Student: 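Below are the structure tokens for one structure; questions will follow.
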Amino acid sequence: MARSLPRSFYDRPTLTVARELLGAILCRRLEGITLRARIVETEAYVGETDLACHARAGRTPRTDPLYGPPGMAYVYLTYGMHHLLNAVTEPKGNPAAVLIRAAEPLEGIAHMEKARGLSTPHLIGSGPARLAQAFGLDLAWNRTDLCGKDLWIEPGDPVPSRSIDTSPRIGCQNCPEPWASIPWRFYVADSRHVTPGRSRPKLLVTKPREFGNNRASRVRGTSHR
DNA sequence: GGATCGATCGGCT
DNA sequence: GCCGATCGATCCG
């Protein structure tokens with residue numbers, strides 16, 4: 001049952017791994033139960049030249065896992081309170097990884113709901129920090145072998161390319177171009193379990209402005225902090 | 001439904 | 001010191 005993806009799966013170009021991780025099943029063994037969730041959103045971070053990738057700073061104690069063998073977990077803390085899970089990719093020495101951004105709970109859902117403190121299905125794993133919280137992942141999981149027995153990823157039903165959408169990576173707006181705009185985020189287009197607010201490329205929702213009341217002067221609130 | 005803002009801390013400049 | 005690979009509460013429309 002626990003047929004985890006082999007290390008060779010991760011030992012490939014990061015963009016390929018990011019696409020093919022869609023539909024795969026993230027799993028964690030707990031006492032008595034197994035958590036399973038279908039990955040529906042990923043982002044690729046590729047090397048020191050990618051100025052959105054942590055490896056832009058070179059090899060440091062923090063980024064060291066990115067330089068290690070493929071198939072290892074890279075977990076770090078962001079904003080002082082959120083943990084994010086990555087899968088290290090490409091041959092050893094090539095600092096790159098796939099950020100696992102969102103997943104649809106399949107098994108062990110009650111445990112995930114408890115860990116998240118809520119039970120709204122599409123809010124359990126729809127974001128990298130939410131997913132990490134649902135799975136109980138923190139810094140102790142950094143460098144965990146994803147080809148091991150505690151935390152692993154199983155093959156799932158492949159997502160056809162027509163069902164995959166792309167976008168710029170979230171939270172990289174301040175990076176220099178082309179890194180801010182390069183479409184290295186991949187997600188299952190019709191999934192309700194992706195990061196909210198960015199799943200749909202905004203259809204023709206914008207109504208024609210009827211009253212010429214185009215007040216551009218947006219009062220910039222009295223910024224008292 | 002969209003925009004804004006505060007929380008909170010490790011790592012790098 | 002400064003700034004995040006974020007989330008959730010809150011306010012507004």
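Throughout, a chain's letter reflects where its sequence line sits, starting with A, and its residues are numbered from 1. Quick caveat: nothing in here was measured; it's all calculated off a predicted structure.
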Student: Would you please confirm or rule out a distance under 4.0 Å between OP1 or OP2 of C/dG4 and any side-chain N or O of A/Arg169?
Tutor: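 Answer no for this pair, as no side-chain N or O of A/Arg169 is under 4.0 Å from OP1 or OP2.
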Student: With P as the reference atom in both, quote the distance from B/dC5 to C/dG13 in angstrom, rounded to an integer.
Tutor: 14 Å
Student: Base of C/dA5, side chain of A/His82 - is there a donor-acceptor contact under 3.5 Å?
Tutor: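 No such pair is found, so the answer is no.
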Student: What is the distance from CD of A/Gln133 to C1' of C/dC7, rounded to the nearest Å?
Tutor: 9 Å
Student: Can you check whether A/Thr60 has a side-chain N or O nearer than 4.0 Å to OP1 or OP2 of B/dC12?
Tutor: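 So the side-chain polar atoms of A/Thr60 do come within 4.0 Å of the phosphate oxygens OP1 or OP2 of B/dC12, strictly under.
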Student: Check every atom of C/dA5, C/dG8, B/dG10 against the side chain of A/Leu77 and return the nucleotide holding the closest atom.
Tutor: B/dG10
Student: Please report the distance separating the P of C/dT10 from the corresponding atom of B/dT8, rounded so that it comes out in whole Å.
Tutor: 15 Å
Student: Taking any heavy-atom pair under 4.0 Å as a contact, classify A/Ala129: base, sugar-phosphate, or nothing.
Tutor: sugar-phosphate
Student: Between A/Arg56 and B/dC12, is there a contact of a side-chain N or O with OP1 or OP2 at under 4.0 Å?
Tutor: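 No, A/Arg56 has no side-chain N/O under 4.0 Å of OP1/OP2 on B/dC12.
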Student: Counting side-chain heavy atoms from C-beta on, which of C/dG4, C/dG8, C/dA5 comes nearest to A/Arg116?
Tutor: C/dG8
Student: Identify which nucleotide among C/dG8, B/dC12, C/dT6 has an atom closest to any side-chain atom of A/Arg62, counting heavy atoms from C-beta outward.
Tutor: B/dC12
Student: Both distances under 3.5 Å, Watson-Crick or G-U wobble: report the partner of B/dC9, or none.
Tutor: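 Its partner is C/dG4 (Watson-Crick or G-U wobble, both distances under 3.5 Å).
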Student: Counting C-beta onward and ignoring hydrogens, is there a side-chain heavy-atom pair between A/Glu41 and A/Ser126 closer than 4.5 Å?
Tutor: no
Student: Might you work through the salt bridge (charged side-chain N to carboxylate O under 4.0 Å, His left out) test for A/Asp157 and A/Arg38, ending with a clear yes or no?
Tutor: CA-CA 9 Å; A/Asp157 294 330; A/Arg38 174 177 173 254; over 6 Å; no
Student: Has A/Tyr45 got its ring stacked on C/dA5, by the test of a centre gap below 5.5 Å and a plane angle below 30°?
Tutor: yes
Student: Any side-chain N or O of A/Asn86 under 4.0 Å from OP1/OP2 of C/dA5?
Tutor: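 Looking at the OP1 and OP2 atoms of C/dA5, neither is under 4.0 Å from any side-chain N or O of A/Asn86.
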Student: Between C/dA5 and A/Tyr76, counting only base atoms on the nucleotide and side-chain atoms on the residue, is there a donor-acceptor pair under 3.5 Å?
Tutor: yes
